[in-house]
2 protein chains.
Amino acid sequence: MFNLENYHLKSSSFSDALSSKELSYFKEKAERIEFKKKHILFKEGSFSKGVYIVRKGKIKIYKSNPNGAESIVYIYKKGDYFGYRPLLAEDPNPVSAAAIDNTVVSYLPKEAFLSLFNRSDTLAKKIVITLSQEFSVWINKMTVFTQFSVKERIALSLLILSKVYQNNAEKKVIISINRDDFASFVGTAKESLVRNLRHFKDEKIISTQGTKIVVMKPDQLHAYLL
Amino acid sequence: MFNLENYHLKSSSFSDALSSKELSYFKEKAERIEFKKKHILFKEGSFSKGVYIVRKGKIKIYKSNPNGAESIVYIYKKGDYFGYRPLLAEDPNPVSAAAIDNTVVSYLPKEAFLSLFNRSDTLAKKIVITLSQEFSVWINKMTVFTQFSVKERIALSLLILSKVYQNNAEKKVIISINRDDFASFVGTAKESLVRNLRHFKDEKIISTQGTKIVVMKPDQLHAYLL
DNA sequence: ATCAAAAGTTGATAATTATCAACTTTTGAT
DNA sequence: ATCAAAAGTTGATAATTATCAACTTTTGAT
(Lines give C-alpha, C1' and ligand atoms only; values in the text may rest on other atoms or scores of the structure.)
Protein backbone atom coordinates (compact mmCIF):
# COMPACT_ATOMS: atom_id res chain seq x y z
CA MET A 1 0.00 0.00 0.00
CA PHE A 2 1.33 3.38 -0.99
CA ASN A 3 1.67 5.83 1.86
CA LEU A 4 3.09 9.28 1.28
CA GLU A 5 4.39 9.44 4.86
CA ASN A 6 6.95 6.80 3.95
CA TYR A 7 8.53 9.19 1.48
CA HIS A 8 8.45 12.54 3.19
CA LEU A 9 9.35 13.54 6.74
CA LYS A 10 6.67 14.70 9.07
CA SER A 11 7.49 18.24 10.15
CA SER A 12 8.47 18.25 13.78
CA SER A 13 9.13 21.45 15.60
CA PHE A 14 12.51 21.93 17.19
CA SER A 15 11.13 23.82 20.15
CA ASP A 16 8.71 20.99 20.96
CA ALA A 17 11.66 19.02 22.29
CA LEU A 18 12.59 21.76 24.75
CA SER A 19 11.38 22.61 28.23
CA SER A 20 10.17 26.18 28.74
CA LYS A 21 13.47 27.05 30.39
CA GLU A 22 15.43 25.63 27.48
CA LEU A 23 13.10 27.40 25.11
CA SER A 24 13.83 30.79 26.61
CA TYR A 25 17.56 30.03 26.35
CA PHE A 26 16.98 29.15 22.70
CA LYS A 27 15.12 32.41 22.08
CA GLU A 28 17.89 34.37 23.76
CA LYS A 29 20.60 32.81 21.58
CA ALA A 30 18.84 32.47 18.24
CA GLU A 31 19.26 35.12 15.58
CA ARG A 32 16.94 36.10 12.75
CA ILE A 33 18.53 36.13 9.28
CA GLU A 34 17.09 36.86 5.84
CA PHE A 35 18.39 35.25 2.66
CA LYS A 36 17.67 36.35 -0.89
CA LYS A 37 16.51 33.83 -3.49
CA LYS A 38 19.45 31.68 -4.70
CA HIS A 39 21.63 32.59 -1.71
CA ILE A 40 23.85 29.69 -0.67
CA LEU A 41 23.68 29.06 3.08
CA PHE A 42 26.52 26.54 3.14
CA LYS A 43 28.39 24.26 0.80
CA GLU A 44 29.14 20.58 0.85
CA GLY A 45 32.38 19.91 2.69
CA SER A 46 32.14 22.95 4.96
CA PHE A 47 31.60 22.64 8.71
CA SER A 48 28.32 23.74 10.24
CA LYS A 49 28.51 26.62 12.62
CA GLY A 50 24.91 26.40 13.71
CA VAL A 51 21.40 25.09 13.24
CA TYR A 52 18.79 26.70 10.99
CA ILE A 53 15.07 26.87 11.61
CA VAL A 54 13.03 27.98 8.60
CA ARG A 55 10.58 30.80 9.29
CA LYS A 56 9.57 31.79 5.75
CA GLY A 57 10.29 30.46 2.26
CA LYS A 58 11.86 27.20 1.05
CA ILE A 59 15.43 25.95 1.29
CA LYS A 60 16.84 23.21 -0.91
CA ILE A 61 19.42 20.72 0.31
CA TYR A 62 21.46 19.34 -2.56
CA LYS A 63 24.61 17.66 -3.72
CA SER A 64 26.58 18.81 -6.74
CA ASN A 65 28.53 16.42 -8.88
CA PRO A 66 31.77 17.38 -10.61
CA ASN A 67 29.95 17.93 -13.94
CA GLY A 68 27.96 20.70 -12.32
CA ALA A 69 24.72 18.73 -12.15
CA GLU A 70 22.99 18.92 -8.81
CA SER A 71 20.62 16.55 -7.14
CA ILE A 72 18.20 17.89 -4.59
CA VAL A 73 17.93 15.71 -1.56
CA TYR A 74 15.30 17.58 0.41
CA ILE A 75 13.32 20.80 0.49
CA TYR A 76 12.71 22.40 3.87
CA LYS A 77 9.74 24.66 4.58
CA LYS A 78 8.51 26.88 7.39
CA GLY A 79 8.95 25.23 10.78
CA ASP A 80 11.57 22.68 9.66
CA TYR A 81 15.04 22.69 11.18
CA PHE A 82 18.27 21.39 9.73
CA GLY A 83 22.03 21.49 9.92
CA TYR A 84 22.40 19.80 13.28
CA ARG A 85 23.47 16.36 12.11
CA PRO A 86 26.98 17.11 10.82
CA LEU A 87 27.38 19.35 13.84
CA LEU A 88 26.71 16.46 16.23
CA ALA A 89 28.79 14.05 14.22
CA GLU A 90 31.57 16.62 13.88
CA ASP A 91 31.61 15.75 10.21
CA PRO A 92 31.72 18.19 7.30
CA ASN A 93 28.38 18.92 5.66
CA PRO A 94 27.58 16.16 3.18
CA VAL A 95 25.30 18.56 1.28
CA SER A 96 24.89 22.18 0.30
CA ALA A 97 21.92 24.40 1.16
CA ALA A 98 20.47 27.27 -0.86
CA ALA A 99 17.39 29.45 -0.71
CA ILE A 100 14.78 28.68 -3.38
CA ASP A 101 12.79 31.81 -2.45
CA ASN A 102 13.50 34.86 -0.42
CA THR A 103 13.64 33.28 3.02
CA VAL A 104 13.82 34.05 6.71
CA VAL A 105 15.49 31.70 9.20
CA SER A 106 16.32 31.55 12.89
CA TYR A 107 19.94 30.67 13.37
CA LEU A 108 21.14 28.97 16.55
CA PRO A 109 24.94 29.02 16.84
CA LYS A 110 26.74 25.75 17.38
CA GLU A 111 27.77 26.48 21.01
CA ALA A 112 24.21 27.28 22.03
CA PHE A 113 22.87 24.18 20.30
CA LEU A 114 25.47 21.88 21.83
CA SER A 115 24.91 23.42 25.22
CA LEU A 116 21.19 22.63 24.89
CA PHE A 117 21.97 19.16 23.62
CA ASN A 118 24.28 18.37 26.51
CA ARG A 119 22.15 19.78 29.29
CA SER A 120 18.91 18.20 28.06
CA ASP A 121 18.59 14.44 28.14
CA THR A 122 15.16 14.65 26.57
CA LEU A 123 16.62 16.47 23.56
CA ALA A 124 19.17 13.73 22.87
CA LYS A 125 16.53 11.05 23.14
CA LYS A 126 14.05 13.01 21.07
CA ILE A 127 16.66 13.45 18.38
CA VAL A 128 17.50 9.73 18.39
CA ILE A 129 13.86 8.94 17.81
CA THR A 130 13.50 11.60 15.12
CA LEU A 131 16.62 10.36 13.37
CA SER A 132 15.38 6.78 13.54
CA GLN A 133 12.11 7.78 11.91
CA GLU A 134 13.91 9.80 9.28
CA PHE A 135 15.97 6.77 8.41
CA SER A 136 12.93 4.90 7.22
CA VAL A 137 12.09 7.76 4.92
CA TRP A 138 15.59 7.87 3.47
CA ILE A 139 15.68 4.14 2.85
CA ASN A 140 12.36 4.39 1.10
CA LYS A 141 13.51 7.32 -1.01
CA MET A 142 16.60 5.39 -1.98
CA THR A 143 14.64 2.40 -3.21
CA VAL A 144 12.38 4.73 -5.18
CA PHE A 145 15.37 5.61 -7.34
CA THR A 146 16.17 1.98 -8.06
CA GLN A 147 12.67 0.64 -8.56
CA PHE A 148 10.53 3.46 -9.94
CA SER A 149 10.46 4.81 -13.49
CA VAL A 150 10.89 8.51 -14.19
CA LYS A 151 7.13 8.93 -14.62
CA GLU A 152 6.48 7.25 -11.28
CA ARG A 153 9.11 9.35 -9.56
CA ILE A 154 7.54 12.50 -10.99
CA ALA A 155 4.10 11.45 -9.77
CA LEU A 156 5.57 10.82 -6.32
CA SER A 157 7.47 14.11 -6.37
CA LEU A 158 4.34 16.04 -7.25
CA LEU A 159 2.71 14.55 -4.18
CA ILE A 160 5.71 15.30 -1.98
CA LEU A 161 5.96 18.85 -3.27
CA SER A 162 2.24 19.28 -2.69
CA LYS A 163 2.99 18.69 0.99
CA VAL A 164 5.92 21.08 0.93
CA TYR A 165 3.99 23.84 -0.81
CA GLN A 166 0.70 23.25 0.94
CA ASN A 167 -0.69 26.34 2.54
CA ASN A 168 -2.92 25.34 5.43
CA ALA A 169 -5.46 27.96 4.49
CA GLU A 170 -5.86 26.90 0.86
CA LYS A 171 -7.11 23.58 -0.46
CA LYS A 172 -5.54 23.99 -3.88
CA VAL A 173 -1.75 23.54 -3.88
CA ILE A 174 0.43 25.69 -6.08
CA ILE A 175 3.96 24.37 -6.49
CA SER A 176 6.31 27.19 -7.26
CA ILE A 177 9.57 25.61 -8.34
CA ASN A 178 11.64 26.00 -11.48
CA ARG A 179 12.06 23.07 -13.87
CA ASP A 180 15.76 22.61 -13.21
CA ASP A 181 15.19 22.28 -9.48
CA PHE A 182 12.22 19.98 -10.02
CA ALA A 183 14.28 17.79 -12.34
CA SER A 184 17.12 17.70 -9.79
CA PHE A 185 14.64 16.66 -7.15
CA VAL A 186 13.27 13.84 -9.30
CA GLY A 187 16.70 12.78 -10.53
CA THR A 188 16.04 13.18 -14.25
CA ALA A 189 16.72 15.54 -17.16
CA LYS A 190 14.73 18.75 -17.38
CA GLU A 191 13.32 17.73 -20.75
CA SER A 192 12.16 14.35 -19.45
CA LEU A 193 10.47 16.13 -16.57
CA VAL A 194 8.70 18.56 -18.88
CA ARG A 195 7.45 15.78 -21.14
CA ASN A 196 5.93 13.97 -18.20
CA LEU A 197 4.36 17.14 -16.85
CA ARG A 198 2.81 17.61 -20.28
CA HIS A 199 1.40 14.07 -19.98
CA PHE A 200 -0.13 14.87 -16.57
CA LYS A 201 -1.50 18.10 -17.98
CA ASP A 202 -3.13 16.27 -20.88
CA GLU A 203 -4.69 13.93 -18.33
CA LYS A 204 -6.01 17.00 -16.45
CA ILE A 205 -4.21 15.86 -13.30
CA ILE A 206 -2.24 19.06 -13.06
CA SER A 207 -2.38 22.47 -14.69
CA THR A 208 0.07 25.31 -14.93
CA GLN A 209 -0.16 28.99 -14.12
CA GLY A 210 2.79 30.58 -15.78
CA THR A 211 5.68 28.44 -14.60
CA LYS A 212 3.82 27.39 -11.46
CA ILE A 213 2.26 23.94 -11.20
CA VAL A 214 -1.21 23.37 -9.78
CA VAL A 215 -2.00 19.86 -8.60
CA MET A 216 -5.68 19.31 -9.32
CA LYS A 217 -6.24 15.58 -8.85
CA PRO A 218 -3.71 14.14 -6.39
CA ASP A 219 -5.69 10.89 -6.25
CA GLN A 220 -4.87 10.19 -9.86
CA LEU A 221 -1.19 10.59 -9.05
CA HIS A 222 -1.57 7.90 -6.41
CA ALA A 223 -2.83 5.63 -9.16
CA TYR A 224 0.60 5.84 -10.82
CA LEU A 225 2.17 4.43 -7.65
CA LEU A 226 0.00 1.28 -7.59
CA MET B 1 37.64 13.59 -4.50
CA PHE B 2 36.26 10.09 -4.22
CA ASN B 3 36.32 8.62 -0.74
CA LEU B 4 34.90 5.18 -0.07
CA GLU B 5 34.06 6.12 3.51
CA ASN B 6 31.36 8.41 2.18
CA TYR B 7 29.54 5.43 0.74
CA HIS B 8 29.90 2.74 3.36
CA LEU B 9 29.48 2.87 7.13
CA LYS B 10 32.43 2.40 9.35
CA SER B 11 31.82 -0.63 11.54
CA SER B 12 31.28 0.47 15.09
CA SER B 13 30.95 -2.02 17.85
CA PHE B 14 27.79 -1.96 19.91
CA SER B 15 29.58 -2.89 23.11
CA ASP B 16 32.01 0.02 22.75
CA ALA B 17 29.20 2.35 23.77
CA LEU B 18 28.64 0.50 27.03
CA SER B 19 30.27 0.74 30.42
CA SER B 20 31.61 -2.53 31.83
CA LYS B 21 28.56 -2.82 34.07
CA GLU B 22 26.24 -2.32 31.13
CA LEU B 23 28.29 -4.75 29.13
CA SER B 24 27.83 -7.52 31.64
CA TYR B 25 24.08 -6.80 31.64
CA PHE B 26 24.20 -7.07 27.87
CA LYS B 27 26.03 -10.41 28.04
CA GLU B 28 23.52 -11.73 30.54
CA LYS B 29 20.54 -10.85 28.35
CA ALA B 30 21.86 -11.56 24.86
CA GLU B 31 21.16 -14.87 23.19
CA ARG B 32 23.15 -16.71 20.50
CA ILE B 33 21.15 -17.75 17.43
CA GLU B 34 22.17 -19.50 14.21
CA PHE B 35 20.45 -18.89 10.89
CA LYS B 36 20.74 -21.02 7.76
CA LYS B 37 21.53 -19.41 4.41
CA LYS B 38 18.42 -17.69 2.99
CA HIS B 39 16.66 -17.62 6.34
CA ILE B 40 14.51 -14.51 6.73
CA LEU B 41 15.12 -12.77 10.08
CA PHE B 42 12.29 -10.30 9.73
CA LYS B 43 10.08 -8.80 7.08
CA GLU B 44 9.28 -5.26 6.11
CA GLY B 45 6.26 -4.02 8.03
CA SER B 46 6.85 -6.25 11.06
CA PHE B 47 7.82 -4.82 14.45
CA SER B 48 11.30 -5.46 15.84
CA LYS B 49 11.46 -7.50 18.99
CA GLY B 50 15.16 -7.02 19.50
CA VAL B 51 18.56 -5.99 18.24
CA TYR B 52 20.91 -8.24 16.26
CA ILE B 53 24.68 -8.28 16.44
CA VAL B 54 26.34 -10.30 13.66
CA ARG B 55 28.92 -12.81 14.86
CA LYS B 56 29.50 -14.81 11.69
CA GLY B 57 28.34 -14.59 8.07
CA LYS B 58 26.57 -11.83 6.15
CA ILE B 59 23.05 -10.50 6.43
CA LYS B 60 21.31 -8.52 3.72
CA ILE B 61 18.84 -5.72 4.43
CA TYR B 62 16.44 -5.25 1.56
CA LYS B 63 13.13 -3.91 0.34
CA SER B 64 10.82 -5.89 -1.92
CA ASN B 65 8.58 -4.21 -4.41
CA PRO B 66 5.17 -5.57 -5.37
CA ASN B 67 6.57 -7.13 -8.58
CA GLY B 68 8.79 -9.34 -6.46
CA ALA B 69 12.00 -7.47 -7.28
CA GLU B 70 14.13 -6.69 -4.29
CA SER B 71 16.65 -3.96 -3.73
CA ILE B 72 19.40 -4.50 -1.20
CA VAL B 73 20.00 -1.52 0.99
CA TYR B 74 22.88 -2.77 3.09
CA ILE B 75 24.92 -5.88 3.88
CA TYR B 76 25.99 -6.39 7.47
CA LYS B 77 29.06 -8.38 8.45
CA LYS B 78 30.67 -9.68 11.64
CA GLY B 79 30.62 -7.07 14.41
CA ASP B 80 27.83 -4.94 12.91
CA TYR B 81 24.58 -4.44 14.78
CA PHE B 82 21.17 -3.58 13.40
CA GLY B 83 17.45 -3.55 14.08
CA TYR B 84 17.48 -0.90 16.80
CA ARG B 85 16.20 2.02 14.78
CA PRO B 86 12.57 1.00 14.22
CA LEU B 87 12.59 -0.21 17.81
CA LEU B 88 13.49 3.24 19.11
CA ALA B 89 11.15 4.99 16.76
CA GLU B 90 8.38 2.47 17.55
CA ASP B 91 7.89 2.20 13.82
CA PRO B 92 7.45 -0.99 11.81
CA ASN B 93 10.58 -2.23 10.07
CA PRO B 94 11.01 -0.37 6.78
CA VAL B 95 13.08 -3.26 5.44
CA SER B 96 13.46 -7.04 5.54
CA ALA B 97 16.55 -8.93 6.66
CA ALA B 98 17.80 -12.31 5.42
CA ALA B 99 20.92 -14.40 5.84
CA ILE B 100 23.15 -14.51 2.76
CA ASP B 101 25.31 -17.25 4.33
CA ASN B 102 24.91 -19.53 7.25
CA THR B 103 25.16 -16.98 10.05
CA VAL B 104 25.45 -16.63 13.79
CA VAL B 105 24.06 -13.61 15.65
CA SER B 106 23.69 -12.33 19.18
CA TYR B 107 20.14 -11.29 19.83
CA LEU B 108 19.31 -8.71 22.48
CA PRO B 109 15.59 -8.59 23.24
CA LYS B 110 13.78 -5.26 23.01
CA GLU B 111 13.24 -4.88 26.77
CA ALA B 112 16.91 -5.38 27.55
CA PHE B 113 17.97 -2.97 24.82
CA LEU B 114 15.52 -0.27 25.89
CA SER B 115 16.52 -0.73 29.49
CA LEU B 116 20.16 -0.14 28.48
CA PHE B 117 19.14 2.80 26.32
CA ASN B 118 17.19 4.46 29.11
CA ARG B 119 19.69 3.93 31.88
CA SER B 120 22.69 5.02 29.87
CA ASP B 121 22.94 8.64 28.76
CA THR B 122 26.15 7.89 26.93
CA LEU B 123 24.40 5.26 24.81
CA ALA B 124 21.72 7.69 23.65
CA LYS B 125 24.32 10.30 22.77
CA LYS B 126 26.57 7.78 21.10
CA ILE B 127 23.65 6.58 19.00
CA VAL B 128 22.76 10.15 18.00
CA ILE B 129 26.27 10.65 16.77
CA THR B 130 26.38 7.31 14.97
CA LEU B 131 23.03 8.02 13.34
CA SER B 132 24.21 11.45 12.28
CA GLN B 133 27.26 9.96 10.62
CA GLU B 134 25.19 7.27 8.97
CA PHE B 135 22.98 9.95 7.49
CA SER B 136 25.80 11.31 5.42
CA VAL B 137 26.41 7.87 4.01
CA TRP B 138 22.76 7.42 3.10
CA ILE B 139 22.52 10.77 1.42
CA ASN B 140 25.59 9.96 -0.60
CA LYS B 141 24.25 6.56 -1.55
CA MET B 142 21.03 8.15 -2.69
CA THR B 143 22.76 10.59 -4.98
CA VAL B 144 24.79 7.73 -6.43
CA PHE B 145 21.59 6.31 -7.84
CA THR B 146 20.63 9.57 -9.50
CA GLN B 147 24.02 10.63 -10.81
CA PHE B 148 26.03 7.48 -11.54
CA SER B 149 25.70 5.14 -14.50
CA VAL B 150 25.27 1.41 -14.00
CA LYS B 151 28.95 0.82 -14.73
CA GLU B 152 29.98 3.41 -12.14
CA ARG B 153 27.61 1.96 -9.57
CA ILE B 154 29.06 -1.49 -10.17
CA ALA B 155 32.61 -0.19 -9.76
CA LEU B 156 31.55 1.47 -6.50
CA SER B 157 29.73 -1.64 -5.34
CA LEU B 158 32.77 -3.79 -5.97
CA LEU B 159 34.74 -1.48 -3.70
CA ILE B 160 32.05 -1.49 -1.03
CA LEU B 161 31.72 -5.25 -1.15
CA SER B 162 35.49 -5.55 -0.94
CA LYS B 163 35.19 -3.87 2.46
CA VAL B 164 32.33 -6.11 3.49
CA TYR B 165 34.08 -9.31 2.42
CA GLN B 166 37.53 -8.26 3.48
CA ASN B 167 39.18 -10.75 5.76
CA ASN B 168 41.75 -8.99 7.93
CA ALA B 169 44.22 -11.82 7.48
CA GLU B 170 44.12 -11.89 3.69
CA LYS B 171 45.09 -9.13 1.31
CA LYS B 172 43.14 -10.51 -1.64
CA VAL B 173 39.39 -10.03 -1.29
CA ILE B 174 36.99 -12.71 -2.46
CA ILE B 175 33.42 -11.52 -2.80
CA SER B 176 31.05 -14.39 -2.40
CA ILE B 177 27.64 -13.15 -3.50
CA ASN B 178 25.23 -14.42 -6.09
CA ARG B 179 24.46 -12.34 -9.17
CA ASP B 180 20.86 -11.66 -8.24
CA ASP B 181 21.88 -10.22 -4.88
CA PHE B 182 24.70 -8.23 -6.44
CA ALA B 183 22.32 -6.81 -9.05
CA SER B 184 19.82 -5.91 -6.31
CA PHE B 185 22.59 -4.17 -4.42
CA VAL B 186 23.60 -2.16 -7.48
CA GLY B 187 20.03 -1.46 -8.54
CA THR B 188 20.23 -2.96 -12.01
CA ALA B 189 19.24 -6.07 -13.97
CA LYS B 190 21.27 -9.23 -13.46
CA GLU B 191 22.24 -9.31 -17.13
CA SER B 192 23.49 -5.71 -17.06
CA LEU B 193 25.54 -6.58 -14.02
CA VAL B 194 27.08 -9.61 -15.69
CA ARG B 195 27.99 -7.67 -18.83
CA ASN B 196 29.81 -5.08 -16.76
CA LEU B 197 31.59 -7.73 -14.72
CA ARG B 198 32.73 -9.20 -18.03
CA HIS B 199 34.08 -5.78 -18.97
CA PHE B 200 36.04 -5.54 -15.70
CA LYS B 201 37.30 -9.08 -16.23
CA ASP B 202 38.51 -8.21 -19.72
CA GLU B 203 40.34 -5.25 -18.20
CA LYS B 204 41.94 -7.63 -15.66
CA ILE B 205 40.51 -5.57 -12.82
CA ILE B 206 38.64 -8.52 -11.39
CA SER B 207 38.65 -12.26 -11.93
CA THR B 208 36.24 -15.00 -10.99
CA GLN B 209 36.67 -18.27 -9.14
CA GLY B 210 33.55 -20.25 -9.89
CA THR B 211 30.79 -17.81 -9.03
CA LYS B 212 32.99 -15.89 -6.61
CA ILE B 213 34.51 -12.54 -7.59
CA VAL B 214 38.12 -11.63 -6.86
CA VAL B 215 38.97 -7.93 -6.89
CA MET B 216 42.53 -7.70 -8.18
CA LYS B 217 43.05 -4.01 -8.91
CA PRO B 218 40.82 -1.86 -6.70
CA ASP B 219 42.74 1.27 -7.77
CA GLN B 220 41.48 0.87 -11.30
CA LEU B 221 37.93 0.77 -9.97
CA HIS B 222 38.55 4.12 -8.32
CA ALA B 223 39.42 5.44 -11.76
CA TYR B 224 35.82 4.80 -12.86
CA LEU B 225 34.64 7.11 -10.09
CA LEU B 226 36.69 10.07 -11.28
C1' DA C 1 32.12 -39.31 -9.80
C1' DT C 2 27.58 -38.44 -11.69
C1' DC C 3 23.93 -35.59 -12.97
C1' DA C 4 19.86 -32.74 -12.46
C1' DA C 5 18.82 -28.29 -10.84
C1' DA C 6 20.33 -23.85 -10.02
C1' DA C 7 23.07 -20.14 -11.23
C1' DG C 8 25.48 -17.59 -14.51
C1' DT C 9 26.30 -15.81 -19.34
C1' DT C 10 25.53 -14.14 -24.00
C1' DG C 11 23.10 -12.22 -28.02
C1' DA C 12 19.28 -9.90 -30.05
C1' DT C 13 16.07 -6.56 -29.40
C1' DA C 14 12.85 -3.34 -27.14
C1' DA C 15 11.97 0.22 -23.93
C1' DT C 16 13.41 4.05 -21.36
C1' DT C 17 15.82 8.09 -20.75
C1' DA C 18 19.33 11.71 -22.00
C1' DT C 19 21.14 14.97 -25.17
C1' DC C 20 21.17 18.50 -28.59
C1' DA C 21 19.14 22.12 -31.15
C1' DA C 22 15.45 25.08 -32.29
C1' DC C 23 11.72 27.39 -30.84
C1' DT C 24 8.10 29.65 -27.55
C1' DT C 25 6.63 31.66 -23.33
C1' DT C 26 7.43 34.04 -19.14
C1' DT C 27 9.75 37.08 -16.14
C1' DG C 28 11.45 41.18 -14.33
C1' DA C 29 13.97 45.45 -15.04
C1' DT C 30 13.17 49.88 -17.09
C1' DA D 1 3.91 48.75 -21.58
C1' DT D 2 8.21 47.25 -23.69
C1' DC D 3 11.70 44.07 -24.49
C1' DA D 4 15.86 41.39 -23.66
C1' DA D 5 17.18 37.63 -20.93
C1' DA D 6 15.85 33.67 -18.63
C1' DA D 7 13.04 29.83 -18.33
C1' DG D 8 10.29 26.47 -20.35
C1' DT D 9 8.91 23.36 -24.27
C1' DT D 10 9.12 20.34 -28.27
C1' DG D 11 11.05 17.25 -31.80
C1' DA D 12 14.63 14.36 -33.50
C1' DT D 13 17.95 11.31 -32.27
C1' DA D 14 21.50 8.85 -29.55
C1' DA D 15 22.82 6.40 -25.55
C1' DT D 16 21.78 3.56 -21.82
C1' DT D 17 19.54 -0.08 -19.72
C1' DA D 18 16.00 -3.83 -19.40
C1' DT D 19 13.86 -7.87 -21.18
C1' DC D 20 13.49 -12.28 -23.38
C1' DA D 21 15.27 -16.53 -24.95
C1' DA D 22 18.84 -19.77 -25.59
C1' DC D 23 22.76 -21.60 -23.97
C1' DT D 24 26.83 -22.80 -20.63
C1' DT D 25 28.85 -23.49 -16.21
C1' DT D 26 28.62 -24.48 -11.44
C1' DT D 27 26.76 -26.45 -7.41
C1' DG D 28 25.42 -29.79 -4.24
C1' DA D 29 22.92 -34.04 -3.35
C1' DT D 30 23.51 -38.90 -4.06
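Sequence lines set the chain letters: A, B, ... in the order given, protein chains first and strands last, and positions in each chain run from 1.
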_Centroid separation A:Y84 to A:F82 less than 6.0 Å_ = no

*Would you call A:K29 and A:E31 a salt bridge, taking side-chain N to carboxylate O under 4.0 Å as the test?*
no

_Closer than 4.0 angstrom, basic N to acidic O: yes or no for B:K63 and B:E44?_
yes

_Nucleotide of C:dG8, D:dT9, C:dA18 approaching A:T188 most closely (side-chain heavy atoms)_ = C:dA18

*Would you please confirm or rule out a distance under 4.0 Å between OP1 or OP2 of C:dT25 and any side-chain N or O of A:T211?*
no

*Can you tell me the distance, in whole Å, between the CD1 atom of A:I154 and the P atom of D:dT9?*
12 Å

*Identified ring pair (Phe, Tyr, Trp, His ring centres under 6.0 Å) partner of B:Y107 from the options B:Y52, B:Y81, B:F113*: B:Y52

*B:I213 CD1 to C:dT9 C1': how many Å, rounded?*
13 Å

_Nearest-nucleotide 5' precedence on DNA chain C, B:D180 against A:G187_ = B:D180

_What is the separation between atom CD on B:E191 and atom P on C:dG8, rounded to the nearest whole Å?_
12 Å

_Partner lookup for D:dT19, please. Criteria are Watson-Crick or G-U wobble with both distances under 3.5 angstrom; report none if nothing qualifies._
C:dA12

*Hey, does the side chain of A:R198 come within less than 4.0 Å of D:dT9's phosphate (OP1/OP2), counting only N and O?*
no

_Nucleotide C:dG28, atom P - distance to NZ of A:K38 in whole Å_ = 10 Å

*Can you check the B:N65 CG to D:dA18 P distance for me, whole Å?*
13 Å

*Considering only C:dG11, C:dA18, C:dT9, which nucleotide approaches the side chain of A:S192 most closely?*
C:dA18

*To the nearest angstrom, how far is B:H199 atom NE2 from C:dT10 atom C1'?*
17 Å

*Does D:dT30 have a Watson-Crick or wobble partner in any strand here, with both distances under 3.5 angstrom, and which is it?*
C:dA1

*Would the A:Y224 and A:F200 ring centres measure less than 6.0 Å apart?*
yes

*Residue closer to the 5' end of DNA chain D, B:F148 versus A:V194 (nearest nucleotide)*: A:V194

*May I ask you to verify whether the side chain of A:R195 and the base of C:dT19 hold a donor-acceptor pair under 3.5 Å?*
yes

*A:K190 NZ to C:dA21 P, straight-line distance once rounded to whole Å*: 14 Å

*Can you tell me how far P of C:dT16 sits from CG of A:N196, to the nearest Å?*
11 Å

